[in-house]
Asker: 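Sending over a structure as structure tokens; questions will come in a sec.
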Amino acid sequence: MSTYTEDSRKVTTHRLKEMKQRGEKISMLTAYDYSMASLIDQAGMDVILVGDSASNVMAGNVTTLPMTLDQMIYHGSSVVKAVKRALVVVDMPFGSYQGNSKEAVASAIRIMKETGADCVKIEGGEEIRESIERILSAGIPVMGHLGLTPQSINKFGTYTVRAKEEAEAQKLIKDAHLLEEIGCFSIVLEKIPAKLAERVSNELSIPIIGIGAGNGTDGQVLVMHDMLGINKGFSPRFLRRYADLHTIITEAVQAYIKDVKTRDFPNEKEQY
Ligand code: KIV
């Protein structure tokens with residue numbers, strides 16, 4: 001099967017910027033383990049995000065807050081071992097950078113050293129400027145994340161669309177410019193009005209990756225379990241399902257159970 005990616009060279013932060021310059025959209029998807037990361041990389045994904053959404057889809061938590069630095073490192077190093085081409089981004093988990101900038105750089109260094117990832121992603125704007133600058137000064141590329149930032153869910157109180165009001169939209173625009181000025185190589189914009197995301201994408205020269213932010217951004221990101229239809233219970237408007245793995249896996253498991261119970265499995269050819 002052919003892919004949209006004929007270029008097998010490793011994706012770098014520099015190449016993402018070139019993609020934006022020539023108007024080529026950037027594909028990004030989450031992965032948390034070796035086997036899925038290997039499939040996604042071989043399919044031609046540009047960026048693989050080891051998201052702290054692992055907290056929800058891997059660990060079964062309601063929010064991303066419980067995720068620890070050690071857990072992110074475990075997922076990150078599993079993914080990195082599988083990936084040959086995609087840029088690998090690892091999320092900095094809640095509590096690993098908000099305390100102070102010294103703690104932030106120590107956390108980012110652990111992620112880079114212990115996973116072998118290419119860069120980190122961090123949620124927030126002006127309020128974490130010092131932490132981002134310190135991480136950048138250690139030579140670690142940083143992807144920003146604005147709009148709906150799930151680690152702040154207890155402050156927001158809801159997962160509804162952010163920056164619909166003028167004041168919040170203005171703050172988001174200001175934060176996006178700030179992140180570009182201090183040296184972030186890209187920004188994720190989550191669940192904000194499409195027009196606002198398009199405006200930010202046009203104003204900034206670094207690639208803007210959207211999730212629930214319309215078609216005017218430089219690329220798109222989704223959570224792998226959602227787009228493959230493993231999670232049936234999560235159906236936000238922005239989600240497009242590309243497979244129904246929930247049904248495929250359920251039917252396969254039920255067929256196996258039946259074959260075991262009826263003594264059909266294993267047959268003579270399946271034994272020694
Ligand atoms: O953790 C994650 O999966 C993310 C994406 C939703 C962008 O941050």
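Each ligand, and each atom within it, is numbered from 1 in the order the structure gives.
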Asker: Verify, without hydrogens or angle tests, whether Ser131 (side chain) and Tyr97 (backbone) share a donor-acceptor contact under 3.5 angstrom.
Answerer: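 Judged by distance alone, yes, a pair lies under 3.5 Å.
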
Asker: Donor-acceptor check, side chain of Asp41 to backbone of Ala86, threshold 3.5 angstrom: yes or no?
Answerer: yes

Asker: Does the ring-ring contact (aromatic ring centres under 6.0 Å, His included) test come out yes or no for Phe234 and His225, once each step is laid out?
Answerer: CA-CA 10 Å; Phe234 183 65; His225 289 62; over 10 Å; no

Asker: Return all side-chain donor-acceptor pairs below 3.5 angstrom for residues 14-22, not counting sequence neighbours, or 'none' if the list is empty.
Answerer:
from: His14; atom 1: NE2; to: Glu18; atom 2: OE2; distance (Å): 3.1
from: Arg15; atom 1: NH1; to: Arg9; atom 2: O; distance (Å): 2.8
from: Arg15; atom 1: NH1; to: Lys10; atom 2: O; distance (Å): 2.9
from: Arg15; atom 1: NH2; to: Asp7; atom 2: OD2; distance (Å): 2.8
from: Lys20; atom 1: NZ; to: Ser201; atom 2: O; distance (Å): 2.7
from: Lys20; atom 1: NZ; to: Leu204; atom 2: O; distance (Å): 2.8
from: Lys20; atom 1: NZ; to: Ile206; atom 2: O; distance (Å): 3.1
from: Lys20; atom 1: NZ; to: Asp218; atom 2: OD2; distance (Å): 2.8
from: Arg22; atom 1: NE; to: Glu24; atom 2: OE1; distance (Å): 3.1
from: Arg22; atom 1: NH2; to: Glu24; atom 2: OE1; distance (Å): 2.9

Asker: Taking ILVMFWY side chains as joined if any heavy atoms are under 4.5 angstrom apart, and letting links pass through other members, which residues group with Leu65?
Answerer: Phe94, Leu148, Ile153, Phe156, Tyr159

Asker: What's in the same ILVMFWY side-chain cluster as Val260, cut-off under 4.5 Å, chained through other members?
Answerer: Tyr256, Phe265

Asker: Output, or 'none' if empty, a list of ligand 1-protein atom pairs in which both atoms are N or O and the distance is under 3.5 Å, rounded to 0.1 Å.
Answerer:
from: ligand 1; atom 1: 1 (O); to: Asp52; atom 2: N; distance (Å): 3.2
from: ligand 1; atom 1: 1 (O); to: Asp52; atom 2: OD1; distance (Å): 3.0
from: ligand 1; atom 1: 1 (O); to: Ser53; atom 2: N; distance (Å): 3.0
from: ligand 1; atom 1: 1 (O); to: Ser53; atom 2: OG; distance (Å): 3.3
from: ligand 1; atom 1: 1 (O); to: Asp91; atom 2: OD2; distance (Å): 3.1
from: ligand 1; atom 1: 3 (O); to: Ser53; atom 2: OG; distance (Å): 2.5
from: ligand 1; atom 1: 8 (O); to: Lys121; atom 2: NZ; distance (Å): 2.9

